[in-house]
There are 2 protein chains.
Amino acid sequence: MSDHAQEMTIGQLARRCGVHVETIRYYQRKGLMRVPDKPWGGIRRYGEDDLARLGFIRAAQHLGFTLAEIRELLKLEDGTHCAEAAAIARQKLEEVRTRIAQLNGMAAALSELLNACERGKGKQRCPLIGSLRTGLRDTREPPRAE
Amino acid sequence: MSDHAQEMTIGQLARRCGVHVETIRYYQRKGLMRVPDKPWGGIRRYGEDDLARLGFIRAAQHLGFTLAEIRELLKLEDGTHCAEAAAIARQKLEEVRTRIAQLNGMAAALSELLNACERGKGKQRCPLIGSLRTGLRDTREPPRAE
DNA sequence: CTTGACTCCGTACTGGCGTACGGCGCCAGA
DNA sequence: TCTGGCGCCGTACGCCAGTACGGAGTCAAG
């Protein structure tokens with residue numbers, strides 16, 4: 001099982017991780033993956049540790065970390081710096097929550113405008129467009145000074 | 001108040017909208033803002049309609065629309081195409097909700113991992129790092145075959 | 001008249017995450 | 001031996017929404 005540990009080419013590594021070759025090279029340029037030296041003639045070989053590292057990177061990306069942050073997390077890979085890792089994760093959680101709040105605001109405004117469009121169907125003036133024109137100030141009560 | 005309607009320079013327009021001059025030029029290049037012709041010698045003048053258009057763009061941005069989408073919305077600016085505008089908004093709302101769901105997943109995973117780090121404080125192995133290494137499969141129960 | 005602020009216009013750069021391209025080397029199978 | 005497919009390496013390009021820069025023109029005040 002571990003006999004062919006150092007037997008992978010970059011293409012095989014890529015295929016096993018569902019990643020493009022160029023992506024691995026990009027991670028190498030960014031300092032996230034090591035560049036193994038070429039032992040027997042011209043072609044670099046990759047092992048299970050590289051596979052694991054790639055998995056680490058992909059998993060961290062699913063949590064929303066940027067590659068720069070993942071590089072920091074990888075420095076703590078031995079698992080003995082839990083506080084540092086947790087600090088990075090706490091900051092990321094803050095960012096994610098901030099973004100969620102922003103998006104919730106957008107979704108609320110959009111659905112309210114869509115409701116107004118639904119209610120006023122058939123009228124000549126679109127409430128959505130109208131609200132954009134007046135700068136989103138008045139979503140539900142168009143200021144008809146009458 | 002409306003005497004100096006055509007009296008604004010691009011810098012004044014920018015200041016009144018809280019936008020950089022270069023941003024307006026960028027919108028012009030993208031076809032979102034018109035480029036007025038220069039009447040009396042070399043300097044283009046902008047009016048209240050340009051101000052309104054800029055406000056429309058900023059308001060739409062707050063709703064999460066991209067500039068390409070805003071260009072489409074601006075084509076419906078007369079307010080007589082409510083169905084088309086609503087269709088664009090519905091799609092955007094879908095996108096926003098999808099993104100919110102993604103981010104909620106991230107936030108949930110992150111806070112769970114942070115809880116695990118808190119619980120296991122003092123231990124030598126960081127659960128956050130450990131989960132990344134094993135590919136995020138096991139968040140709460142490290143598989144100690146004991 | 002000069003100075004300083006502003007405008008005009010084109011071009012290049014930012015950040016985040018890759019993708020694409022092109023010329024070369026190397027190696028295995030037919 | 002030849003050929004096709006990878007691997008190697010550097011560079012450029014893609015998106016998006018701007019930002020920065022630089023030289024030239026113009027305009028108003030001092």
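Please read these numbers as outputs of a predicted model, since none were measured by experiment.
Contact annotation: the side chain of A:P36 approaches that of A:Q28 to within less than 4.5 Å [non-hydrogen atoms, C-beta and beyond]. Put simply, the side chain of A:Q124 does not reach to within 4.5 Å of the side chain of B:T80, judged on heavy atoms.
The interatomic distance linking A:R29 (CZ) with C:dC17 (P) rounds to 14 Å, in whole Å. Atom C1' of nucleotide C:dT7 and atom NZ of B:K38 are separated by 9 Å, given to the nearest angstrom. Straight-line distance from the CZ atom of B:R45 to the P atom of C:dT7: 9 Å, rounded to whole Å. Rounded to whole Å, the distance from OH on B:Y27 to P on C:dC9 is 19 Å. One can place CD1 of A:I24 at 15 Å from P of D:dC6, the figure rounded to the nearest angstrom. Atoms OH (A:Y26) and P (D:dT11) sit 16 Å apart, rounded to a whole Å. The CD atom of A:E22 sits 16 Å away from the P atom of D:dC13 (whole-angstrom rounding). One interatomic measurement links the two molecules: NE2 of B:H20 to P of D:dA20, which rounds to 7 Å at whole-angstrom precision.
To the nearest whole angstrom, the two P atoms, one in D:dG14 and one in C:dG22, are 13 Å apart. Comparing the same atom, P, in D:dT11 and in C:dG16 gives a spacing of 22 Å after rounding to whole Å. Annotation: C:dC17 and D:dC8 have their P atoms spaced 24 Å apart (nearest Å).
OP1 or OP2 of C:dG18 lies within a sub-4.0 Å distance of a side-chain N or O belonging to A:Q61. The side chain of B:T9 contributes an N or O atom lying less than 4.0 Å from OP1 or OP2 of C:dT7. Contact between the side-chain N/O atoms of A:R44 and the OP1/OP2 oxygens of C:dC26 is not found at any separation under 4.0 Å. Taking 4.0 angstrom as the limit, B:R25 places none of its side-chain polar atoms (N or O) nearer than this to OP1 or OP2 of C:dC9. The phosphate of C:dT19 has OP1 or OP2 within less than 4.0 Å of a side-chain N or O from A:T23.
In the helix from C:dC1-D:dG30 to C:dG16-D:dC15, the rotation axis of the first five pairs and that of the last five pairs differ in direction by 40°, rounded to 10 degrees.
Checked by atom type and distance alone, the side chain of A:Q12 pairs as donor or acceptor with a backbone atom of A:T9 at under 3.5 Å.
Residue whose closest nucleotide on DNA chain C sits further toward the 5' end, between A:A68 and B:G11: B:G11.
For the 3.5 Å distance criterion, the side chains of A:R99 and A:Q102 qualify, holding a donor opposite an acceptor.
Between B:E84 and B:K75, none of the side-chain N atoms (NZ, or NE/NH1/NH2) sits under 4.0 Å from a carboxylate O, so this pair counts as no salt bridge. Electrostatic pairing of B:R45 and B:E7 does not count as a salt bridge here, judged by no charged N lying under 4.0 Å from a carboxylate O.
Other residues, nucleotides and ligands contribute over 12 non-hydrogen atoms within 6.0 Å of the CD atom of A:Q61.
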